[in-house]
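Below is one structure, written out as structure tokens; the observations come after it.
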Protein chains: 2
Amino acid sequence: MTRKADRDQIRRQNRSIVLQALRRNGPTARIDLGHKTRLSPATVTAITSDLLDQDLILSLESEEPKTQQARGRPRTLLKLNPEAVYTVCIRLSVNNIDLALVNYAGEVIRDRRIHFDSATADARTFPETLVEAIASFLQEAGTSPSRVREIGVAAQGVVETETGLVAWSPAFSGRRIPIVAPLQAAFGADCYISNDTNMITEALHWSDPKRYSGTFAVVMLDYGVGMGLYLDNHLFSGASGTAAEFGHANHIPGGALCRCGKRGCIEAYLSDYALVRAAAGLPDDTDPMTIEAGEKGLARLIELASCGDADARRTFSEAGRVLGYGIARVVAIIDPSRLVLTGAAVRAFSFMEKAMWEGLEEALVADLRKNFALDVMPWNEDYIRGGLIAQSMERLDSTFYGNAAARPDRKEAPA
Amino acid sequence: MTRKADRDQIRRQNRSIVLQALRRNGPTARIDLGHKTRLSPATVTAITSDLLDQDLILSLESEEPKTQQARGRPRTLLKLNPEAVYTVCIRLSVNNIDLALVNYAGEVIRDRRIHFDSATADARTFPETLVEAIASFLQEAGTSPSRVREIGVAAQGVVETETGLVAWSPAFSGRRIPIVAPLQAAFGADCYISNDTNMITEALHWSDPKRYSGTFAVVMLDYGVGMGLYLDNHLFSGASGTAAEFGHANHIPGGALCRCGKRGCIEAYLSDYALVRAAAGLPDDTDPMTIEAGEKGLARLIELASCGDADARRTFSEAGRVLGYGIARVVAIIDPSRLVLTGAAVRAFSFMEKAMWEGLEEALVADLRKNFALDVMPWNEDYIRGGLIAQSMERLDSTFYGNAAARPDRKEAPA
DNA sequence: AACTTTTTTTCGGGAGCCAAAAAAAATATC
DNA sequence: GATATTTTTTTTGGCTCCCGAAAAAAAGTT
């Protein structure tokens, strides 16, 4: 049963909409906020004066507006108060912790990369390491931890959003590492953790909501294979928060050996180590950990293919066919309107494309595969940070209302 | 951006909640409606008096309430007015059109099965046939078509909910047959079409919302293989409405021949004809259309297995392994909290179970497969009708508000 | 200085919710 | 039979929304 509606909900929602409009459009006059949000001028005045009282937004009088308008009362622009609250956005990769301090306007005011050698470090102490890293980062920045109201983390591997831990990651040699609980305990802020590809998905929706709305999927071919799902206009993370593990969906029973220990995973055909292993003619059960792949391995392979090396070309072509089959299964189950292909390996897309389409056609009946568009998108790591920022800001915007806590939770309605 | 909130929305939502509470609990006093909906008594009075004015609900004074309560003003029970509106729920199977006339209380007041021989009939004229069948059904029932405000259709095969047509079905030899548009034109009611397994999914949520909420999947093993997805508390049907086509997700590249013409679909290993084909030792590219399977074929196979026939046992065991792999892929991508297995073939589940778990274990890393529960559920066709009724009633409840049309559309927010 | 134009604020009204009081309609008690 | 008690329902009054319209503010134009 749907939850009952009451007045508070209206105001909360409308405040949140005004904040979103300001974040998306930068300094804006009340009258334009009215147009953008479809609220009446009177209501915009009421809401913005609340927000001004709370120092969440600022009035931009002194600065010269000098828009095109000539006559009439000049519009006073409003903007988010950058210093109202701060967010820390963190990206965990195999060897790095990337920290960013972000203000309420969504601007990165300081960032820092900390090396973390996952091969030698003890995964069990990682949470403490992370807490210390954040604390010293904030101290350097001269920002009191109490002003940080939101901490977002993106990690590679299998992330359990619901429990707030990394369930399986190459960085932690497969150990389950709690992240959200230690951060929450240390800083008291609202914390969350998500898969890195989910954050790319969120970033796409933020940067081009026209194109990336409704139901779409993102497949990331990188050092590992990830997926993000945006379903019915919401980021989807499944019941325990581990959905969209495209890379560990099986392709061939008993097939090539994957880093996760199983055989036949899509990742075992498409990721960096899989490509290097195949191109080198190694048996497909060669332990992935013994393969030197990563950025260098992949780059060399792409170069070889570009030079016309037959083995490299064949490797990419076979990978493309696997990709086609994988996409076919996702399309059959999810029916997205668009599928975005990204990650370091899309540089080699031209070598995979033909086989990919062939695989897709072999795998899926025409009626099901004609309704989706494919985007191939080179990318950079900033997308992950962008998604974290978008997600954090959305959580913040819907939090502020008096002292009322409780962000409405889409997951479960109370009995 | 979220839509702005206003007062109308509140009232609409609360009215809808009251109607839902009445539908779920039967005759209920205002005071209990207050408890169930968490609305104040004053508000319940206001809303119910509106609903009484509109004849959507009835007051049950004369009849003896005689509840356990002894003293105090007696509660007057309210109930939905069964005659307020009518719904027609239609199930299309290969050879039958099952019609049901349902009143606003969700009770079936008349039903009828019409034979439709899809082998000889012309699929192109099916829409007219359907319209005529409904019209004569209503006439027999003595119900004016104008009182029918909702028509819901469930069909087997690939159903495009968004365009309102059957894209591929064994009943129509693969032709695309429009359903919603002709019905809408003929009757003016709000019409929709959905996949039959989606309706089972909806029925499960309706009948046991505690157990079947959040994110869960339903797999139907029948004369064909279907799936329904309930994600984040909403029935999910994908961008074009063809999601959850589990049966046509590929299992083995270049594998067994499927009814859809492709090779290696899960259906080509798990459906009635696939089992009969395998048990008979026929080559796996034997044309499914030439195989006598259906209810009888499946029943005989189950009997053989029960008697200890080795070939039959092996057939089911192999099918179970495929099922395990298929479930593993769904779990990797969707991460449901529960997976329901149903359909005619679950009678043979005991012969498939061991291999299914083995397949699941082979295919998926442990971290991803330990978060879901499996239900095996015998079923009957009434579930589909139940889901249609639940869906139709939900659509009706959120429709009535003054003359305002516009059921809020979860799919797309306006710019 | 008076008019025009545009934005913002104020004011009054309507709609929704709720808490509390009042009314209604029984049974229990004397 | 009259009064008290209990429980449900309705009414009242108050609060908070939002909105339309009017008023005010703050320019530029004539």
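Below, chains carry the letters A, B, ... as their sequence lines are ordered, and counting in each starts from 1.
Atom CD in Q9(B) sits roughly 11 Å away from atom P in dC19(D) (whole-Å rounding). Going from atom NE2 of H35(A) over to atom P of dT8(C) covers 10 Å, rounded to whole Å. Rounding to whole angstrom units, CG of residue L60(B) and P of dT8(D) are separated by 17 Å. For the pair R15(B) CZ and dA15(C) C1', the interatomic distance rounds to 14 Å; values are reported in whole Å. Remark: P of dC15(D) and CZ of R11(A) are 17 Å apart, rounded to the nearest angstrom. For I10(B) and dC18(D), the CD1 to C1' distance is 10 Å, given to the nearest whole Å. Taking atom CD1 of residue I31(A) and atom C1' of nucleotide dA25(D), one finds them 14 Å apart after rounding to whole Å. Taking atom CD1 on I47(A) and atom P on dT8(C), their separation rounds to 15 Å, with Å as the unit.
Between T43(A) and dC19(D) there is a side-chain polar atom (N or O) within less than 4.0 angstrom of OP1 or OP2. OP1 or OP2 of dT10(D) sits under 4.0 Å from a side-chain N or O of T45(B). Checking the phosphate oxygens (OP1, OP2) of dT10(D), a side-chain nitrogen or oxygen of R30(B) falls inside 4.0 Å. A close approach under 4.0 Å does occur between a side-chain nitrogen or oxygen of N14(B) and OP1 or OP2 of dC17(C).
Seen from the ring of Y104(A), R23(A) counts as a face-on cation partner, given the 6.0 Å and 45° thresholds.
Looking at the side chain of A29(B), the nearest of the listed nucleotides dT9(D), dG28(D), dT8(C) is dT9(D). For R75(B), taking side-chain heavy atoms from C-beta onward, the closest of the listed nucleotides dA19(C), dC19(D), dT9(D) is dT9(D). Of all nucleotides listed (dT8(D), dT5(C), dA26(D)), dT8(D) comes nearest to the side chain of R73(B).
Checked against the 6.0 Å centroid criterion, the rings of Y230(B) and H205(B) qualify as a close aromatic pair.
The residue T76(A) sits close only to the backbone: its heavy atoms come under 4.0 Å of sugar-phosphate atoms, none of a base. Note on R7(B): a base of the nucleic acid sits closer than 4.0 angstrom, heavy atoms only.
At a threshold of 4.5 Å between non-hydrogen side-chain atoms, the residues T87(A) and R149(A) do not count as touching. The closest side-chain heavy-atom distance from Y86(B) to I109(B) is below 4.5 Å.
Here the side chain of D397(A) pairs no donor or acceptor atom with the backbone of S16(A) at under 3.5 angstrom.
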